There are 2 protein chains.
Amino acid sequence: MILETRHSIHEILSRQPMFRGLAADELRDIANGTREYRAKKNEIIFHRGDAVEGMHVVVMGQVKLSLPSSQGAEKVVHVCGPGNTFGEAVAFLDKPYPVNAQATAESLLLLIPKRVLLDALELSNNLCRKMISSLSVRLHEMISDMETCLLRNSVQRVVCFLVQSAPESGDAFEVSLTASKQTIASQLNLAPETFSRVLGQLSEAGLIQVRGRRIAVLDRQRLIGFSG
Amino acid sequence: MILETRHSIHEILSRQPMFRGLAADELRDIANGTREYRAKKNEIIFHRGDAVEGMHVVVMGQVKLSLPSSQGAEKVVHVCGPGNTFGEAVAFLDKPYPVNAQATAESLLLLIPKRVLLDALELSNNLCRKMISSLSVRLHEMISDMETCLLRNSVQRVVCFLVQSAPESGDAFEVSLTASKQTIASQLNLAPETFSRVLGQLSEAGLIQVRGRRIAVLDRQRLIGFSG
DNA sequence: GCGACGAATTGATGTGGATCAAGGCTTTTT
DNA sequence: AAAAAGCCTTGATCCACATCAATTCGTCGC
């Protein structure tokens, strides 16, 4: 039974971007130390300030990372989907979690304890370079997020979001929102009301069509032009 | 002459946090590939969108990393002092620089080309782990910056900045600003006028004393209390 | 020490987006 | 199917901070 679980963790790990392509023996020690856990929708995984256990991998579901504010509000920093990891950066520092983590859907996750991760990195140069690359991507994303939040107005932020969520590269496309509008608004550092109003305004202008959580972008170029 | 320079580059590198403690032979290849350069005050080192050459190390002086906005304004993302590095994260991705880099003082820098850096990482697990740790620190700093900029008001941001700049851990201390007030204001995402006014307000309340670029914090606890 | 230019301050005014409030719509619960 | 609980939208109001404008201060070259 335990062997079964281990075996399956090994399987799952090997399919995650972070570990794909690693040799079986490199993975073995990690898989042995890894714990699988589940989180129900809205379940809190950890709070800002909690001691760091290790690196978390989202296998299925969705996890929201957010900064709590003094007045009970929160700013969503990142939304992690399948294949994404979180908590790794802070596992390398001797600091507690800087954000809250909460499942926004029924989720399946893996927890690779700090110690196991550090040991694995010491042995595998390959894994180290994957980690460097993953951290670099996150850093780049954060700069991009700062850019969106700090030097654009509300319309530009929403347009930016829509364009970045484009699945295809065509001039017309449809975006299905992967999170609630509140969550997206928070990521864009907008009040939910403002987000709603801006979407209304873009509809009004004939640039998009909102149907629940599906948004049809009719003309990418005109949309971009509208905000500049 | 060339040997002299190489030798000195090796010396300089070995004193940087990023490379301290590496074996001499691990450093040799890096030192051989590294170029030293100087930048005058206000000189632009690279623009957002330029092709990435490699990782830059500030040996002496100061470099400001900023995001340009459409209307010619800019948001300062980070200010690098001696021992800091920049451009490494983006060297691991196939993307151009996401920010502008400009010297804010006469500076001495090192440039480790992408290729040299990648080769060195492949050979040295030690260096890999230093890189991971450095990227993690940056990521953590960015979350902290987002927190400051996005979920605090102007007074809280300035108080936060003063407290974080504390050299000692006492209850009264003096902060010497390491950058112009405009630059600091931009880092805090405030207009220079607002920054000035907030400092005035804190002086008014008897919490700090501003004398040019030296700011005396009289009572850390009361200062923090004032903003909450 | 004088002139000049950029940095910083101070005052007056404007506005983008938050907040408060109320109602409609969806989804889950029973 | 009805009820409950969230989500989302729409409208009215407000305020924190930006912006514009005018001095003043500080520093550097000569």
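The sequence lines fix the lettering, A, B, ..., with proteins before strands; numbering per chain opens at 1. Everything quoted here is computed from the prediction, not taken from an experiment.
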Decide yes or no for B:F46 and B:V52: does some side-chain heavy atom of the first lie under 4.5 Å from some side-chain heavy atom of the second?
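Answer no - side chains too far apart.
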Quick check: do B:T104 and B:S180 have side-chain heavy atoms less than 4.5 Å from each other?
no
Per the side-chain contact (heavy atoms from CB on, under 4.5 Å) rule, which among A:L109, A:L111, A:L65, A:D50 passes with A:I45?
A:L109
Going through the checks in order, is the salt bridge (charged side-chain N to carboxylate O under 4.0 Å, His left out) test met by A:K114 and A:D94?
CA-CA 11 Å; A:K114 222 162 143 163; A:D94 269 327; 3.7 Å; yes
Within residues 195-208 of chain A, the residues having a heavy atom closer than 4.0 Å to DNA chain C are A:R197
Residues in contact with DNA chain C, drawn from residues 146-154 of chain A - heavy-atom cutoff 4.0 Å:
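A:N153, A:S154 - these, ordered by number, are the residues of the stretch whose heavy atoms sit under 4.0 Å from the strand.
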A:R48 (side chain) donor-acceptor with A:Y97 (main chain) under 3.5 angstrom:
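A pair under 3.5 Å: no.
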Is there a side-chain contact between B:T194 and the phosphate of D:dC17, meaning an N or O under 4.0 Å from OP1 or OP2?
no
OP1, OP2 of C:dT26 versus side-chain N and O of A:R213: anything below 4.0 Å?
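No.
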To the nearest Å, give me how far apart [atom1] ([X]) and [atom2] ([N]) are.
X: A:R157; N: C:dG16; atom1: CZ; atom2: C1'; value: 10 Å
X: B:K75; N: D:dA18; atom1: NZ; atom2: C1'; value: 16 Å
X: B:L190; N: C:dA8; atom1: CG; atom2: C1'; value: 15 Å
X: A:Q182; N: C:dT19; atom1: CD; atom2: P; value: 14 Å
X: A:E193; N: D:dC8; atom1: CD; atom2: P; value: 12 Å
X: B:K41; N: C:dG6; atom1: NZ; atom2: P; value: 12 Å
X: A:N189; N: D:dA16; atom1: CG; atom2: P; value: 17 Å
X: B:K181; N: C:dG6; atom1: NZ; atom2: C1'; value: 15 Å

Is a salt bridge present between A:R15 and A:E11, judged by a nitrogen-to-oxygen distance below 4.0 Å?
yes
Answer yes or no: is there an ion pair linking B:R220 with B:E168, defined by an N-O contact shorter than 4.0 Å?
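Judged by the 4.0 Å cut-off on N to carboxylate O distance, B:R220 and B:E168 do not form a salt bridge.
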Determine, step by step, whether B:T148 and B:R157 satisfy the side chain to side chain donor-acceptor pair (under 3.5 Å) criterion, reporting the C-alpha distance in whole Å, the side-chain angles of both residues, the deciding distance to 0.1 Å, and the verdict.
CA-CA 6 Å; B:T148 303; B:R157 275 179 253 175; over 6 Å; no
Counting neighbours of CZ on B:R214 that are heavy atoms of other residues, nucleotides or ligands and sit closer than 6.0 Å, is the number greater than 12?
no
